[in-house]
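In what follows, every chain begins at residue 1, and chains take the letters A, B, ... in the order their sequences are listed.
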Protein chains: 2
Amino acid sequence: MSLRIALLGLLSAVGPASGYDLAKKFELSLNHVWQAGHTQIYPELLKMAADGLVDAGSEGVRGRKTYTITPEGRRRLHEWMTEHAPAVVVRNEVALQAFLLPLLDRDDAIAVVERMKAGFEARLATLQCQPSGGIGSHALKLGLAQVRASIRWAEETLAELKGAGG
Amino acid sequence: MSLRIALLGLLSAVGPASGYDLAKKFELSLNHVWQAGHTQIYPELLKMAADGLVDAGSEGVRGRKTYTITPEGRRRLHEWMTEHAPAVVVRNEVALQAFLLPLLDRDDAIAVVERMKAGFEARLATLQCQPSGGIGSHALKLGLAQVRASIRWAEETLAELKGAGG
DNA sequence: GGGATCATGTAACGAGTTACATGATTTG
DNA sequence: CAAATCATGTAACTCGTTACATGATCCC
């Protein structure tokens with residue numbers, strides 16, 4: 001369901017695009033929000049066309065198909081944005097490692113948190129390279145706020161681990 | 001894979017337990033980190049027993065089966081914790097709505113962010129009800145840090161939306 | 001005895017990943 | 001002409017959810 005919404009949102013924001021274009025957008029601008037490869041995108045666009053949410057244009061050069069959002073697609077997108085209250089589904093390997101941290105001895109735990117911190121900082125750097133204007137700017141700010149909070153958590157956790165019996 | 005790790009971690013932390021017990025733990029203490037229902041847990045425990053990661057005890061009262069982590073299970077758990085650097089996979093409906101926020105008009109956008117804020121606050125309340133000691137305390141702090149950052153983001157975004165042309 | 005809870009499972013489906021497969025066009 | 005990139009797809013598999021199914025035991 002959310003894949004559809006993401007595709008409709010992109011088509012609404014940037015205008016008609018091919019599956020290839022949309023896959024690029026996922027890689028470049030949507031990667032910190034939702035992920036999908038071309039093998040998921042192409043079949044989904046076909047289904048969405050069958051459901052009347054997008055119009056598939058005739059094949060262009062190199063077999064390129066350009067999809068355009070339909071009024072019904074826009075309606076569904078608007079409905080999802082305003083009516084759908086997303087359930088918080090967390091399935092996060094980093095948080096799982098944090099959960100299980102007390103199972104490790106002090107040195108292992110410190111190494112794991114150091115690695116997490118490095119991962120958070122890499123992510124911060126990636127987010128800071130994103131263009132800050134245009135669509136996605138709110139999501140970017142949210143991502144930055146969360147990753148900065150995560151870095152502070154890592155620093156506090158390291159201080160705690162190193163303080164106790166260090 | 002991570003479901004196995006979560007199960008091994010719980011078995012390591014709390015000692016031998018049944019699938020039913022583990023499902024309860026997922027609901028109560030692990031819900032903000034990883035989610036799994038009994039329909040996923042029971043078959044996985046059978047496979048893990050076949051792979052030698054857990055020992056299935058003989059059936060007790062009401063058909064209850066008690067699983068115990070094996071040395072090989074502990075080895076795998078330790079290996080995952082220390083060697084596996086988790087990839088950051090974000091697939092988050094709230095972040096997707098934040099991303100697409102500029103597609104809405106001002107009033108709709110405000111309503112959506114208000115709803116998000118309420119969701120974050122509900123989550124904060126849930127996390128604050130968790131017991132703060134024991135295993136999971138680090139993950140709890142991480143969750144609290146992230147959700148507080150999210151609430152601040154919602155407040156700033158609302159101020160911005162209301163400021164512009166309000 | 002009847003309802004709540006304990007306790008385990010299967011089947012069908014949907015979502016997502018990996019590997020495979022193909023061919024056109026552009027650029028050096 | 002060869003390599004890179006553009007562009008689309010299928011098949012097999014894993015992971016996760018929803019719905020269905022069953023029976024034992026505890027407590028009122």
From [atom1] of [X] over to [atom2] of [N], roughly how many Å is that when rounded to an integer?
{"X": "B:L3", "N": "D:dT17", "atom1": "CG", "atom2": "C1'", "result": "13 Å"}
{"X": "B:M48", "N": "D:dT14", "atom1": "CE", "atom2": "P", "result": "17 Å"}
{"X": "B:E44", "N": "D:dT17", "atom1": "CD", "atom2": "C1'", "result": "15 Å"}
{"X": "A:Y42", "N": "C:dG23", "atom1": "OH", "atom2": "P", "result": "16 Å"}
{"X": "A:L46", "N": "D:dT10", "atom1": "CG", "atom2": "C1'", "result": "11 Å"}
{"X": "B:M1", "N": "C:dG16", "atom1": "CE", "atom2": "C1'", "result": "17 Å"}
{"X": "A:K47", "N": "D:dT8", "atom1": "NZ", "atom2": "C1'", "result": "16 Å"}
{"X": "A:I41", "N": "C:dT17", "atom1": "CD1", "atom2": "C1'", "result": "13 Å"}

Report task. Name every residue in residues 13-36 of chain A that has at least one heavy atom under 4.0 Å from any atom of DNA chain C, in order of residue number, or write none if there are no such residues. Result -> A:W34
For [X] and [N], is the shortest distance between a side-chain N/O and OP1 or OP2 below 4.0 Å?
{"X": "A:Q40", "N": "C:dT17", "result": "yes"}
{"X": "A:R64", "N": "D:dA7", "result": "yes"}
{"X": "A:R91", "N": "D:dT17", "result": "yes"}

**Report entry** 5' priority, DNA chain C, between B:Y67 and B:R62 [closest heavy atom]
**Finding:**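 Here B:R62 is the residue nearer the 5' end.
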**Report entry** Presence of salt bridge, A:K65 and A:D21, under 4.0 angstrom
**Finding:**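 No, no charged N to carboxylate O under 4.0 Å.
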Query raised in the report: For the atom pair CZ (A:R4) and CG (A:L7), what is the distance rounded to the nearest 0.5 Å?
Result: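 These two atoms lie 9.5 Å from each other.
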Query - Derivation and outcome, side chain to side chain contact (heavy atoms under 4.5 Å, CB included), residues A:L8 and B:L100 - result: CA-CA 10 Å; A:L8 289 174; B:L100 299 175; over 6 Å; no
Report task. Answer with yes or no whether A:T39 presents, from its side chain, a donor or acceptor under 3.5 Å of a partner atom in the base of C:dT18. Result -> yes
Requested in this report: Evaluate the ring planes of B:Y42 and B:H38, with Trp represented by its six-membered ring, and classify them as parallel (under 30°), tilted (30 to 60°) or perpendicular (over 60°).
Outcome: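 Rings of B:Y42 and B:H38: perpendicular, over 60°.
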**Report entry** Chi angles and distances behind the side chain to side chain contact (heavy atoms under 4.5 Å, CB included) call for A:F99, B:W34
**Finding:** CA-CA 10 Å; A:F99 189 95; B:W34 205 266; over 6 Å; no
Report task. Using only heavy-atom distances, determine whether the side chains of A:H84 and B:E93 contain a donor-acceptor pair under 3.5 Å. Result -> yes
Requested in this report: Report yes or no: do B:Q146 and A:S150 form a side-chain donor-acceptor pair below 3.5 Å?
Outcome: yes
